[in-house]
Structure formats: C-alpha cells, structure tokens
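Report on the following structure.
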Amino acid sequence: MPGATVVTVTGPLSAAELGVTDAHDHLFLRTPALPGQEFDDLDRAVTEVREAQATGLGAIVEMTPIGCGRRPDLMRALSEATGLPVVAATGYHRDAHYPSGHWVHDAPVGLLAERILVDLERGMHPADWLDPALPLDPARAGAIKAGASYQRISRPERRRLEAAAIGSARTGAAILVHAEVGTCGHDIIDLLEAEGVRPDRIILAHLDRNPDPELHVEIAARGAFLEYDTLGRIKYRPDSDLLDLIEVMVRAGHLGRLLIGLDLGRRDYLRSWEGGPGMRYLLATFAPRLRRRIGEAAVEAILVANPALAFALVGGATGSGDDTTVVGR
Ligand SMILES: [Zn+2]
C-alpha cells in the first residue's frame, strides 16, 4: 500500500518503514489491576528495547491506554534514544483497570470520544486528564485501545467501544480490543460494526488465550485481525500449542489476518526487571520456531506486512494515508 502512514510518537511514518513490528507491547505501565507489577523506568526500557533491536525488532505498538500509566514523554525519549518507532495508544481498558471514582467509569460517550480525538489529533494528555490543566504532550497516539470483560461487555465498556468507533471513523486509526481470556470476539465485532467500523480496522487481542481454531477461523472470515500475544507465557500453555494454532490458521487461508505481539504488561515479564521472557523473545526464540513451521515468507507477512496494514490510518475523515494530510494538527 504505497503512501500508507502510521502515526508514531515522533511523528508520521510510512507504514512500509516499520519493519518487524511487535503489534502489542508495553514500555511504561501502572495499573491498580496489577499491584507491584508497575514499570516506568526509562533506562530499563531502553535496555529492554536495545536487546530486542539486536535481534531485529523494527517497531513497537505500545498499547498502554488512558489511565494505565501511559507515558508519552518517556515513549518519546525512548524512541529518540533507540531509534525505535513507537506507535502509542489512546482509548480505554476494561473496567478492572480503573479504580473506583476514576472519571473513565461514568464518562459519557461524547467525553470519552473527545479525549480519544485529542490524543490522536493534537497530542496525548500527560496525566490522562487527572490534572486537566496540564499542557498536551507533543506525541500523538496512533491506535485506539478498548476492552471487554471475561464473557461479557459491561455497559461502561460498551460506551468506551462506541467512543473508540467515533475516534476511528474520524482519524482512520485501528481499534485494538482486549478480549479477556479470548472471549467475546464475535460480540465485539458485532458492536463495532453496528457503530460503522469496518472489520479490517478491528484487532482482537489475546485470542490465543482461547486457542480454538474453529472459532478463530470464523473471526478471521469476518475480516478482523487476530492478535496472538501470549508467546513465552508458559503458565498458560506451551508455545507448541501456539505454533499449532498459527499453522492451522495459515493452512485455512488466514495468514493475512494474523498479528503477533508480546504484551509484556508486567514487571515480571521483562528481562530489564530480572524477569522473563523479555522483549527479545519474539525474534530470538519464537520466530525461528515459527519459520520452521510455516516458512520465512509467512513469518515475514505476520511480522512486517500485516502490522503495516493493520496500523496504517485508513479512510478517516482527517487521515487519508498521505503524509501531508494525515490527522491535522
Ligand atoms: Zn497489553
């Protein structure tokens, strides 16, 4: 797709320049849902990223949403220090990530959408509006996060999905939805489609928590992207199961719908915090095994071509995929 553009924290970039992309990860995070697992240390993040770059990582989509310790200033500093393009997120997580009393719980769709649009079009709010007077960071978000609970989409989560749809319609940004333990996939697509979102603007994350190939083939056939992001999480299942799942999906003709991310959303998952598997795992450990299963070209499609397609701005009122007209400042 010549001319397709992504928005990174250091500005618009041709999607073709992303290279191997970790389609869902975290550089800085702080959420009440994961006490003791917060990380927001620039030096450690740089160390983690440099290790991954040495294995061939080209770009990261940083999916920390509003209210979860998102740090536009540190993402910019990291991107400038390492040269790694970082696509940041706006939007909201599922209910569990907001403490009681947080403005996100009761905000109407209009306010939720307005703040998504500020992040996408003008610059991310440095304190996620807990201190509304602070000036915006120059870094803009380039993707929209939403989330649903296990087996159900709560009323506030529906409002946040509707707000994500408004943000996507205006800017052409993709919507990445946290599907808790891989549930509610069809319901999430139904809701977003009813709000006018094209299926190819929808990315369902964590589907590999429920590695059910028949369900995944159904979802891929609807045109949404499926993101697998629990590689190296041996507590859930061995990587061999995930390799089996990817192989089945490729054989079923859905190579073009697959994305892979590490989603290292806990301090314990990061080598720079003395944990694991760490950000180098994707290319140092998982990709070689995947190549032996599905071949070099298919791995390249999943890690390079698919994310370039999924995260490029498509058809928004203010984003046309052209560098000069993308999301007006
Ligand atoms: Zn995540």
Side-chain angles (χ1 to χ4, degrees), residues 9 21-40 44-45 48-49 52 57 59-72 74-75 78 84 86-98 104 116 119 124 128 141-150 157 160-161 164 173-185 188 202-210 224-233 235-236 242 258-273 275-279 281-282 286 307 310-311:
V9 294
T21 300
D22 177 344
H24 180 156
D25 223 321
H26 298 280
L27 295 166
F28 309 101
L29 187 136
R30 182 172 286 274
T31 160
L34 299 168
Q37 291 294 332
E38 46 283 316
F39 48 96
D40 46 16
R44 288 186 201 244
E48 192 82 35
V49 160
L57 184 70
I60 283 181
V61 184
E62 215 283 11
M63 287 308 309
T64 307
I66 288 170
C68 296
R70 185 178 67 157
R71 290 295 298 272
L74 294 186
M75 285 189 273
L78 176 129
L84 187 87
V86 174
V87 176
T90 180
Y92 310 93
H93 217 307
R94 68 192 171 97
D95 291 336
H97 287 273
Y98 299 98
V104 164
I116 283 175
D119 280 345
M124 288 179 273
D128 297 340
I144 305 169
K145 175 104 164 223
S149 293
Y150 177 63
E157 285 163 353
R160 302 200 284 269
L161 280 156
I175 303 172
L176 183 145
V177 187
H178 170 103
E180 179 71 5
V181 199
T183 62
C184 295
I188 291 164
I202 302 169
I203 301 162
L204 296 177
H206 322 314
L207 289 195
D208 51 331
R209 288 295 308 280
N210 176 25
F225 285 96
L226 293 82
E227 184 194 273
Y228 299 154
D229 50 29
T230 59
L231 40 151
R233 225 79 101 246
K235 63 185 177 184
Y236 296 146
L242 181 52
L258 302 180
L259 297 168
I260 293 180
L262 281 164
D263 190 21
L264 304 174
R266 291 167 180 261
R267 186 186 284 198
D268 286 351
Y269 295 159
L270 298 165
R271 284 164 56 90
S272 56
W273 289 90
M279 210 169 269
Y281 190 85
L282 172 60
F286 190 78
F311 293 102

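Note that the numbering runs from 1 along the sequence shown for the chain. We count ligands from 1, going down the list as the structure has it; atoms in each ligand are counted the same way.
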Sequence neighbours excluded, which residues qualify as side chain to side chain contact (heavy atoms under 4.5 Å, CB included) partners of [X]?
{"X": "Asp263", "result": "His24, His26, His206, Asp229, Arg233"}
{"X": "Ala88", "result": "Val9, Met75, Met124"}
{"X": "Ala173", "result": "Leu120, Ile144, Thr171, Leu313"}

Take the Zn ion (ligand 1) and tell me which protein N, O or S atoms are nearer than 2.8 Å.
His24 NE2, His26 NE2, Asp263 OD1
Correct closest heavy-atom pair for Arg94 and Arg160 would be C-NH2, 3.5 Å
Are Ile66 and Thr90 side-chain neighbours, meaning at least one heavy-atom pair lies under 4.5 Å?
yes
Would you say Thr31 and His93 make side-chain contact, with heavy atoms under 4.5 Å?
no
